[in-house]
Amino acid sequence: FFSVYTMMDGKQTLLLGLSTMVVAVCAFGASSSPSSLLSSSSSLPSSSYTQLWSMAPSTSSVASVRPGLLRLPQVTSSTSIPYQSHGVAPMVEPKTPRNYVKGSRHEGVQGWVQSSSWMGLVGVATMATFYLVRQVLQRPQPVLNPLDLSEYGTGIAMATVTGDRRTKLYASANVEVETPSVEPIGKPQESQEGPSPDLRPHVAVVGAGWAGWAACKALTENGCRVTLLDSLPDPTGATPYLTPTGKPFEIGTRGFWKDYPNIESLVAEMGIKESDVWTDFTNSQFWSPDGLEATAPVFSNSSFPELPSPLGQIFSTFDNFKRLPLEDRVTMAGLLYAMLDFTRDEETFEKYDRMTAHELFIRMGLSKRLVDDFIRPTLLVGLFKPPEELSAAVAMELLYFYALAHQTSFDVRWIKSKSVQENLIQPLAEQVSSRSGSDGVKILGRTRVEEIICSEDGFKVTGIRYSDASGESIHLDVDACVLALGVKGLKGVMSNSPALARWCPELSATAALNGIDVMACRIWLDKYVATEAPANVFSRFEGLRGAGGTFFMLDQLQPDQEALWGGEEPKGSVLSCDFYNSSALNPLSDQDIVDLLTKELLPACYPEFASAQVLDSYVQRFPGAVTWFSPGSFKYRPPLITSIPNLVCAGDIVRMGEREHGAKGLCQERAYVSGLEAANALACAGQLGPNKAQHPVIPIRDDEPQVVIGSRLNKQFMDVLKPFGLDSPWVR
């Protein structure tokens with residue numbers, strides 16, 4: 001019946017409903033007459049007729065009974081049959097059936113259908129229901145013309161061509177194919193209303209890093225139309241960054257640690273083997289003017305059994321510290337207790353955030369040598385600032401996440417070829433584009449967002465004003481917006497968005513935040529230099545001028561030597577050297593930076609570097625490019641959910657609130673997760689219309705039992721002392 005109905009227009013549907021009513025009245029009216037009822041139930045006493053008919057007890061004539069007053073059966077259930085696996089609703093078995101005529105057509109729950117009036121109402125209801133459903137479901141349909149897809153092979157799932165438009169097809173192997181133009185059979189129907197509007201929510205994502213692309217992924221999978229804006233010439237990562245001599249260059253070398261479950265899940269989802277993207281987990285070494293200070297082993301590949309943290313780290317690295325005495329190492333115990341305490345509650349966290357990491361280390365009894373030889377260089381390459389300029393809370397977050405949460409937490413691996421952009425961002429961009437269709441995501445490179453435009457009442461973001469490569473100012477209407485920017489970019493947007501600053505004061509507070517200067521350098525040598533570890537950290541060198549420094553042997557990490565040399569014949573080692581907190585180094589010339597590395601820093605680690613000649617080099621500076629987690633900065637960091645319902649923030653800097661994730665610090669995993677959660681927050685708040693799906697987010701490994709128990713015991717003890725002002729006396 002429904003399949004016939006769907007092929008009819010509104011008038012035909014109306015006639016069908018009327019016909020249903022007439023047939024019901026005619027067919028069942030006669031069979032449900034009072035005389036037939038009485039003839040089939042003459043053995044019942046008169047009291048039964050009183051229960052069966054809604055009429056006065058004094059009524060003596062059957063002919064006076066009015067049709068339509070038959071009472072519905074009253075059923076008393078005794079046993080409920082449980083739901084079946086196929087989803088059929090439960091049946092109720094009557095225990096003592098009442099108000100029906102035994103042996104007649106009215107027996108059981110079917111007795112009501114014998115009334116002509118009831119069936120008349122059923123007919124009217126049927127007519128009205130189908131008519132309304134028809135009106136709701138009816139949509140202008142294009143004329144579809146058949147297309148022979150045999151020439152495209154079996155990889156094509158489905159395609160249609162409308163009129164003479166050219167339609168893109170996507171094969172199962174994500175290969176884009178374009179169909180030939182096909183003339184329509186017959187004259188196509190011309191819509192009087194023009195093309196159907198795109199009713200999908202339109203979301204602008206500002207920033208094309210890990211956070212921005214994660215937001216694009218979650219939004220497009222949730223049925224949204226996305227416009228991605230970034231200042232990069234090619235935000236998709238498809239265009240490699242090259243030096244003036246045509247050799248590959250990457251802005252900083254980034255590691256992928258053990259607890260990156262969401263990025264690992266993304267790689268699996270894209271069908272990429274981990275062994276094709278990443279190296280094996282590698283060890284790292286710390287160097288000072290005195291020589292090798294320590295080696296961080298690969299804990300997951302160690303023959304030493306995995307023990308509860310931090311015992312596992314202590315025993316498995318007992319011989320890895322070459323110069324740091326044992327009595328200095330054991331002073332780390334004070335910091336371990338602070339790690340149980342600093343997340344006790346929000347108020348306590350803010351107290352730790354106001355304190356510098358340097359002050360905390362002194363109060364918890366850490367030795368100066370432990371800090372100078374190991375913790376300081378670790379923080380300089382992890383948070384890009386020394387302890388005296390860092391929030392104690394954020395410093396402990398980083399040390400716990402990367403080193404102390406589990407014995408294997410510090411295990412790290414690197415990109416196996418080319419760059420992060422080419423290996424991970426590019427396939428992610430392709431996946432997002434292919435799954436969302438040709439108009440699902442629009443990528444705008446070489447753009448600078450100038451203003452976020454709000455409604456007059458400040459309740460929502462209505463548009464974005466940006467300038468393109470030509471300098472032209474363009475307005476973009478949006479239904480929601482994701483700001484996936486660092487401190488520098490966010491401050492630039494806020495400075496030109498007075499309405500946003502007025503209605504969203506928590507984003508104006510980011511003006512109090514600052515960035516950190518970084519520098520990247522790549523060197524091509526005329527000879528190969530062998531090192532014990534491919535990843536290395538500089539510590540306590542005067543030439544660093546207070547900066548943190550690293551060097552990576554790319555020829556050991558990336559097997560494709562020819563690619564490292566830009567297609568030239570490989571001649572020697574290729575090094576990637578990065579400096580963090582590089583403000584004091586930035587005024588030096590490029591040649592001075594290369595000389596500092598090749599004549600002072602590198603030979604201090606391996607003398608063989610002194611005899612190597614530099615064949616090519618490239619230096620790039622990035623002022624204020626990285627977030628500075630300064631003391632007291634937590635309250636100024638942008639929140640994931642803002643005061644404006646359709647505006648969210650993403651990035652490793654954001655405060656994620658109830659959506660907080662275990663990945664901490666300047667972390668690719670945290671940035672990626674924040675982008676997913678930003679899209680989830682918009683959907684949860686109803687800002688994406690009916691699209692409320694939540695992209696899954698994988699938590700990191702749970703804290704080990706001894707950490708959980710220790711934290712609970714400490715909280716109970718401190719809660720007792722808190723009324724007297726004696727809780728955590730080392731912070732204020």
Side-chain angles (χ1 to χ4, degrees), residues 205-218 230 251-264 266 349 353 378-385 390-391 393-402 405 409 412 420-421 424-425 428 482-491 493 506-507 509-510 513-516 518 548 578 580-581 622 624-630 633-642 648-681 697-700:
V205 176
V206 184
W210 273 113
W213 275 110
C216 284
K217 179 180 186 295
D230 196 274
I251 305 172
T253 302
R254 289 170 281 179
F256 294 81
W257 269 260
K258 186 75 171 179
D259 288 307
Y260 276 25
N262 290 278
I263 290 182
E264 291 175 356
L266 171 67
F349 183 90
D353 181 63
T378 300
L379 293 177
L380 276 169
V381 300
L383 291 174
F384 302 170
K385 278 288 186 178
L390 285 173
S391 156
V394 178
M396 286 193 294
E397 281 185 334
L398 176 126
L399 291 173
Y400 181 76
F401 174 64
Y402 284 111
S409 293
V412 62
V420 173
Q421 292 291 112
L424 295 176
I425 299 300
L428 174 57
V482 179
L483 293 178
L485 296 169
V487 170
K488 187 175 181 179
L490 191 57
K491 290 170 72 172
V493 170
E506 65 271 26
L507 293 186
T510 58
L513 300 175
N514 291 295
I516 303 172
V518 295
D578 302 322
Y580 315 104
N581 191 35
F622 306 95
V626 182
T627 303
W628 178 9
F629 296 100
S630 59
S633 62
F634 181 77
K635 62 182 179 181
Y636 300 113
R637 288 159 59 181
L640 185 133
I641 300 174
T642 72
V648 293
C649 297
D652 52 16
I653 186 180
V654 302
R655 293 177 285 135
M656 298 176 67
E658 295 180 354
R659 296 178 179 269
E660 186 58 66
H661 192 260
K664 304 295 183 181
L666 296 171
C667 171
Q668 296 177 91
E669 173 78 2
R670 180 177 178 83
Y672 178 70
V673 168
S674 72
L676 299 180
E677 291 289 25
N680 289 344
V697 174
I698 306 172
I700 63 171

Does OH in Tyr636 sit with more than 12 non-hydrogen atoms of other residues, nucleotides or ligands closer than 6.0 Å?
no

Does the side chain of Ile641 come within less than 4.5 Å of Glu677's, by heavy atoms?
no

When rounded to the nearest 0.5 Å, the distance separating CG of Leu383 from OG of Ser630 is 11.5 Å

Is there a donor-acceptor pair closer than 3.5 Å between any side-chain N or O of Lys217 and the backbone N or O of Gly675?
no

Please tell me if the side chains of Val518 and Asp578 come closer than 4.5 Å, counting only heavy atoms from C-beta onward.
no

Residues Thr510, Ile653; criterion side-chain contact (heavy atoms from CB on, under 4.5 Å); working and verdict:
CA-CA 11 Å; Thr510 58; Ile653 186 180; over 6 Å; no

Lys664 bridged to Glu669 by N-O distance under 4.0 Å
no

Kindly say whether Arg655 contributes a backbone atom to a donor-acceptor pair with the side chain of Arg637 at under 3.5 angstrom?
no

Mind listing the closest non-hydrogen atom pair of Leu507 and Pro639 along with its distance?
CD2-CD, 4.3 Å

Heavy-atom pair with the smallest gap, counting every atom of Met656 and Val673:
CE-CG1, 4.0 Å

With a 4.5 Å cut-off on side-chain heavy atoms, are Thr627 and Leu666 touching?
yes

Run the side-chain contact (heavy atoms from CB on, under 4.5 Å) check on Phe256 and Val420 step by step: do they pass?
CA-CA 10 Å; Phe256 294 81; Val420 173; 4.1 Å; yes

Note, Leu398 side chain near Leu390 side chain (heavy atom, < 4.5 Å):
no

Cys667 and Tyr260, any side-chain heavy atoms less than 4.5 Å apart
yes

Please name the pair of heavy atoms, one in Ala679 and one in Ala215, separated by the smallest distance, quoted to 0.1 Å.
CB-O, 4.0 Å

Rounded to the nearest 0.5 Å, how far apart are CG of Leu513 and OG of Ser633?
6.0 Å

Angle between ring planes, Tyr402 versus Trp257, binned at 30° and 60°: parallel, tilted or perpendicular?
perpendicular

Specify the closest pair of heavy atoms between Ala211 and Gly651, including all atoms of both residues, with the distance to one decimal.
CB-N, 3.6 Å

To the closest 0.5 Å, what do you measure between CH2 (Trp210) and CG (Asp652)?
12.5 Å

If you compare all heavy atoms of Ser674 against all heavy atoms of Leu640, which two are closest, and at what distance to 0.1 Å?
O-CD1, 3.8 Å

Which heavy atom of Glu660 sits nearest to which heavy atom of Arg670, and what is that distance?
OE2-NH1, 2.5 Å

Between atom CG of Leu424 and atom CG of Leu266, what is the distance when rounded to the nearest 0.5 Å?
7.0 Å

In Å, rounded to the nearest 0.5 Å, how long is the span from OH of Tyr580 to CG of Leu380?
10.5 Å

Working to the nearest 0.5 angstrom, can you tell me the gap between His661 NE2 and Ile698 CD1?
8.0 Å

Is the backbone N or O of Ile700 less than 3.5 Å from a side-chain atom of Asp259, with the two atoms forming a donor-acceptor pair by type?
no

Side chains of Thr642 and Leu483: does their closest heavy-atom pair fall under 4.5 Å?
no

